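As the structure is a prediction and not an experimental result, all values here were calculated from the model. Naming: A, B, ... by sequence-line order, numbering from 1 per chain.
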There are 2 protein chains.
Amino acid sequence: MKSASQSRDRGIPEATVARLPLYLRALHGMAERGVATVSSEDLAVAAGVNSAKLRKDLSHLGSYGTRGVGYEVEYLVYQISRELGLTQDWAVAIVGVGNLGRALANYGGFVSRGFRVAALVDADPEVVGDTIAGLNVEHIDELEAVIKRRGVSIVVLATPAAAAQEVCDRVISVGVTSILNFAPVVLSVPDSVDVRKVDLSIELQILAFHEQRKAGGPLMAVDGQ
Amino acid sequence: MKSASQSRDRGIPEATVARLPLYLRALHGMAERGVATVSSEDLAVAAGVNSAKLRKDLSHLGSYGTRGVGYEVEYLVYQISRELGLTQDWAVAIVGVGNLGRALANYGGFVSRGFRVAALVDADPEVVGDTIAGLNVEHIDELEAVIKRRGVSIVVLATPAAAAQEVCDRVISVGVTSILNFAPVVLSVPDSVDVRKVDLSIELQILAFHEQRKAGGPLMAVDGQ
DNA sequence: GCTACTTTGTGCATCGGTTCACAAAGGGAT
DNA sequence: ATCCCTTTGTGAACCGATGCACAAAGTAGC
């Protein structure tokens, strides 16, 4: 048999975790369109993955399908949501209310499922006190207090690169262990803290690399495809 | 021996490509601080990776280091830039000038290295004609014309989810083969087109998953850490 | 109940990527 | 010119993820 207790082997592969939100989104769309039941094949297409991969991913959560039939949409939505921790709501603070921070504060996708923007913080006296997306922008001096008061557990860093590490250290000092970093710096954090990084410029550079291959590559081998 | 010609095996692993921009950023920082030469160990730390991985990554580009010494910063910057295709400049169009599109248009990191926002396009008559980040916002009806006129080769999709696929089809029809998609949909495109996806909500969900493990897991095994 | 059909869940081979650990290659000192 | 020290570049073992292909498990019809 497996390792410890039973089927639900509390070790879901990272690659699987990264795809669960994708499945969830596809399932939400189906639920809205009144679909009651879906096969791994159809769901895989909707999520843009291979059906064998989808089945293996779902099998890590448990055995929630019915052979010969498929998966019940509502039930699967619930199971994935629970696994991802979206059945509770998460208070998110956005630090740095520049163009990007503002966009994030107004971004509907955040609020929609399980997340709630609970605080906006900035250093610029010009914006502190403004109301953005229905929230008062607080001063960076209040950072620790605000995080504790609002029960923030996830912090989004949208500050300039130079300020990111300091803000990062400060939020960690009051117990935050999950950070989404938009600043183009490598944050140094204890192992116990999770950092996910989004760098728009890096994505463009990766595209440029492939684009160059397509455009400039004809004098090279014709591997093409 | 290897496959074809020689050392420079024109097949750089995808994982390596994704890290090159990281090295490049670290190197730029060093160049600014006047560092002339750097060891794989130091560069690895600055980029937040393991030094063996860094060396293997760089070895895919060629043999640009000196044993016993390290890498010459300027030279390595040039080599990586060239490999990524950043020695030419890329005209980027941003479609969808909502909060996010606006943030992207003003985002310094884009322009800084090799990329130039060459066009802004939106469907809302309210914003068409506005000047944002020094650029006139053009109407979506002009999409194909603008792309051809400005020589755009990379398109950033910051439209609502519902509009993304149509815009995507249209830009592909005029030859665009690189797309950075911020809309929360799975785009369907021919194999010859590269799509990279950034979904802010998905990143948060992944964080929530791990956060839940840390916080809610105490009744499970105490792997904690 | 039995047969035919559908679709899941998974064992297994494979592949790409990571990491270790060391030989090869260079610099500098004497 | 020889020796020692540093650091690169890479062979090889390892690890996780992918995808095939099929047995197991269910439904439906008769």
Side-chain angles (χ1 to χ4, degrees), chain A residues 1-3 6-20 22-23 26-27 30 35-73 75-76 79-80 83 206 209-210 223, chain B residues 1-3 6-20 22-23 27 30 35-73 75-76 79-80 83 191 206 210:
Chain A
M1 291 32 180
K2 280 296 162 55
S3 47
Q6 214 175 349
S7 51
R8 290 284 296 286
D9 186 5
R10 246 64 208 347
I12 298 182
E14 199 47 40
T16 295
V17 172
R19 281 187 295 266
L20 290 180
L22 224 58
Y23 304 151
L27 286 165
M30 289 173 173
V35 177
T37 251
V38 67
S39 70
S40 65
E41 184 56 37
D42 290 353
L43 182 52
V45 169
V49 304
N50 166 313
S51 74
K53 182 156 35 180
L54 179 132
R55 287 198 298 277
K56 184 151 290 185
D57 282 344
L58 293 185
S59 78
H60 287 119
L61 314 190
S63 213
Y64 297 144
T66 309
R67 297 179 191 221
V69 177
Y71 301 88
E72 207 220 319
V73 174
Y75 185 56
L76 197 50
Q79 291 298 345
I80 295 181
E83 199 65 50
I206 297 171
F209 171 83
H210 293 294
D223 59 8
Chain B
M1 290 25 178
K2 284 293 164 54
S3 47
Q6 215 177 349
S7 51
R8 290 284 296 287
D9 186 5
R10 243 67 208 345
I12 299 182
E14 199 48 39
T16 295
V17 172
R19 280 186 296 265
L20 290 180
L22 226 58
Y23 304 151
L27 286 166
M30 290 173 173
V35 177
T37 251
V38 65
S39 70
S40 64
E41 183 57 37
D42 290 353
L43 182 52
V45 169
V49 303
N50 165 312
S51 74
K53 180 154 40 179
L54 179 131
R55 286 199 300 278
K56 183 149 288 186
D57 282 344
L58 294 185
S59 78
H60 286 119
L61 315 190
S63 211
Y64 296 143
T66 309
R67 296 177 191 226
V69 178
Y71 301 88
E72 208 219 319
V73 174
Y75 185 56
L76 197 51
Q79 291 298 345
I80 296 179
E83 199 64 51
D191 287 353
I206 297 171
H210 293 294

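DNA chain D is contacted by both A/E14 and A/V69; A/E14 maps to the nucleotide lying nearer its 5′ end (nearest heavy atom per residue). Residues B/G68 and A/G68 each lie close to DNA chain D; by heavy-atom proximity, the contact nearer the 5' end of the strand is made by B/G68.
A close approach under 4.0 Å does not occur between any side-chain nitrogen or oxygen of A/T66 and OP1 or OP2 of C/dT8. Considering only side-chain N and O atoms, B/Y71 lies nowhere under 4.0 angstrom from the phosphate OP1 or OP2 of C/dG26. One finds a side-chain N or O of B/S40 lying less than 4.0 angstrom from the OP1 or OP2 phosphate oxygen of D/dT8. In this structure, A/R19 reaches the D/dT18 phosphate: one of its side-chain N or O atoms is under 4.0 Å from OP1 or OP2. In this model, the phosphate group of C/dT7 is not approached by any side-chain N or O of A/Y64 to a distance below 4.0 Å at OP1 or OP2. Close to D/dT10, at under 4.0 Å from its OP1 or OP2, lies no side-chain N or O of B/K56.
Nearest heavy-atom pair across A/A26 and A/L43 is CB-CD1, 3.8 Å. Across every non-hydrogen atom of B/T37 and B/V35, the tightest pair is O-CG1, 3.3 Å. Of all the heavy atoms in B/E83 and A/F209, the pair that sits closest is O-CD1, 3.2 Å.
Atom-to-atom, NE2 of A/H60 to P of C/dT8 comes out at 17 Å; the value is rounded to the nearest Å. Put simply, CZ on B/R55 is 15 Å from P on C/dA23, counting in whole angstrom units. Atom CD in A/E41 sits roughly 15 Å away from atom P in C/dG9 (whole-Å rounding). Atom CG of A/L43 and atom P of C/dG9 are 12 Å apart (whole Å). Here the P atom of nucleotide D/dC15 and the NZ atom of B/K53 are 15 Å apart, to the nearest Å. Nucleotide D/dG19 holds its C1' atom 13 Å from the CG atom of A/L54, rounded to whole Å. Across the protein-nucleic acid pair, B/Q79 atom CD and D/dG9 atom P stand 12 Å apart, rounded to whole Å. C/dG26 atom C1' lies 16 Å from atom CD of B/E72, rounded to whole Å.
For B/S59, the side-chain atoms get nearest to D/dG9 when compared with the rest of D/dT8, C/dG17, D/dG9. Distance from the side chain of B/N50 is smallest for C/dC20 among the nucleotides D/dG19, C/dG17, C/dC20.
Side chain of B/T66 to backbone of B/V69: no donor-acceptor contact under 3.5 angstrom is found.
Side-chain N/O atoms of B/R67 and base N/O atoms of D/dT7 include no donor-acceptor pair closer than 3.5 Å.
There is a side-chain donor-acceptor pair under 3.5 Å between B/E41 and B/S51.
At a threshold of 4.0 angstrom between heavy atoms, the contacts of A/T16 with the nucleic acid are absent.
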